[in-house]
J.: 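This is the structure, below, for whatever I ask next.
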Amino acid sequence: MWNKVLDEYAIRCYKPRILIVDDQPVNIHTLSAVFHGELDIIVATSGEKALHLALKQKPDLILLDIVMPDIDGYEVCRKLKNDPITEWIPIIFVTAETEANVEAYGFEIGAVDFIAKPINPAIVRARVMTQLMLKLYMDNMREVAWLDGLTGLYNRRRFDEMLKQHWLLCRREQRPLAIIMLDVDFFKRFNDNYGHQKGDDCLRAIAVALKGTLRRPMDMVFRYGGEEFTCLLPLTDLAGAQERASAILNAIKALQIPHATSRVSPFVTISIGIACTIPEQEKGEEDLLNHSDQALYQSKSDGRNRITTWPGDKPDTVSEV
Ligand SMILES: Nc1nc2c(ncn2[C@@H]2O[C@H](COP(=O)(O)OP(=O)(O)OP(=O)(O)O)[C@@H](O)[C@H]2O)c(=O)[nH]1
């Protein structure tokens, strides 16, 4: 039965990864032995190390001891559930304390199950495989919910989530995060002239071109809504974002999609706004987004078919094309 779960992961060329956290190496050894090399196992002997590994390696499941000397399992669980990068990782507490109120509290703070010590290998295996199966289905559902039906790009919901995640990542590392926001010029006229179907074809072609401009694995492009797209560029400074924006502008130009009723070009063009910052506060990501939107608005009012950098990033970064 459980082999089916592993097969489902194997179809995706993936071996499920679990993180085992316990301050007693002997307990880690006993739990690891249950899976006979079926799973990719990583281990931590303290709460601090567990938090670090969960963030870096994003396991599919965590087996978490409750009583540990530095940060206890409850605190680790609370921290993981409060971080958008780790909140979806299922946590199973492994504990000798089996009182109902201990379990109830664990569920309250986000655990999905409990395993009693001393462990029974068959029960551990069953509980872990059940959660891995649910995790796989949840990941699939989320993936579908994140996609835009017309272009196949990630949608605005995904953008909002990734913006939060990258904001936290760049804040931790004190590195810059850049947003490129872009909008097709005179797209209403395009639809009115060529019809909605051709409008859809145009948006799909733009989506493919945008994907082709990405260079780094962490860079992502999204359909933000209608004829508006965004790119999220973590660990990218202003100069890097401007260079990407130029590549995007040129890629759309190179498509040479006729636009007879545009006031700026015989072909489809876009306007771009850039904002870039090294994140400082918890909730500043909305400001960064607003700044890229304001820069885009400036590109539109300055005549379209151009790139504008939000002036707060650097006073002299408005570049005309
Ligand atoms: N074909 C198609 N059109 C869309 C889609 N989503 C939004 N639009 C159209 O995009 C147009 C956007 O029009 P406006 O917001 O006035 O902007 P614009 O005409 O591009 O003008 P500027 O942005 O000022 O250059 C509207 O006509 C929408 O109907 C879509 O999925 N498919």
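As the structure lists them, so they are numbered: ligands from 1, and atoms in each ligand from 1. All values below were derived from every heavy atom in this structure, side-chain atoms included, with hydrogens, water molecules and symmetry-related copies excluded.
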J.: Exactly which residues line ligand 1, taking a heavy atom under 4.0 Å from it as the test?
T.: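 Close residues (ligand 1, cut-off 4.0 Å): L150, D183, V184, D185, F186, F187, K188, N191, H196, G199, D200, L203, R223, G226, E227, K300, R304.
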J.: Only counting residues at least two apart or in another chain, list the ones meeting side chain to side chain donor-acceptor pair (under 3.5 Å) with R171.
T.: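 R171: no side chain to side chain donor-acceptor pair (under 3.5 Å) contacts found.
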J.: With sequence neighbours excluded, give me every salt bridge (charged side-chain N to carboxylate O under 4.0 Å, His left out) pair touching residues 2-27.
T.: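 Passing the test, one end in residues 2-27: E8-R12, R17-D40, D22-K117.
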J.: Excluding sequence neighbours, so at least two apart, what forms side-chain contact (heavy atoms from CB on, under 4.5 Å) with R189?
T.: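 For R189 the side-chain contact (heavy atoms from CB on, under 4.5 Å) partners, ignoring immediate neighbours, are F186, H259, T261, R263.
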J.: Hey, does the Lys NZ or Arg CZ of R142 hover above the aromatic six-ring of W88, less than 6.0 Å from the centre and inside 45° of the axis?
T.: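 Yes, a cation-pi geometry.
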J.: Answer yes if the side chains of D183 and S271 hold a donor-acceptor pair under 3.5 Å, and no otherwise.
T.: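 Not at all, the side chains of D183 and S271 share no donor-acceptor pair under 3.5 Å.
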J.: Are there over 12 heavy-atom neighbours, none belonging to K211, within less than 6.0 Å of that residue's NZ?
T.: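 No, the 6.0 Å shell around NZ holds no more than 12 heavy atoms from other groups.
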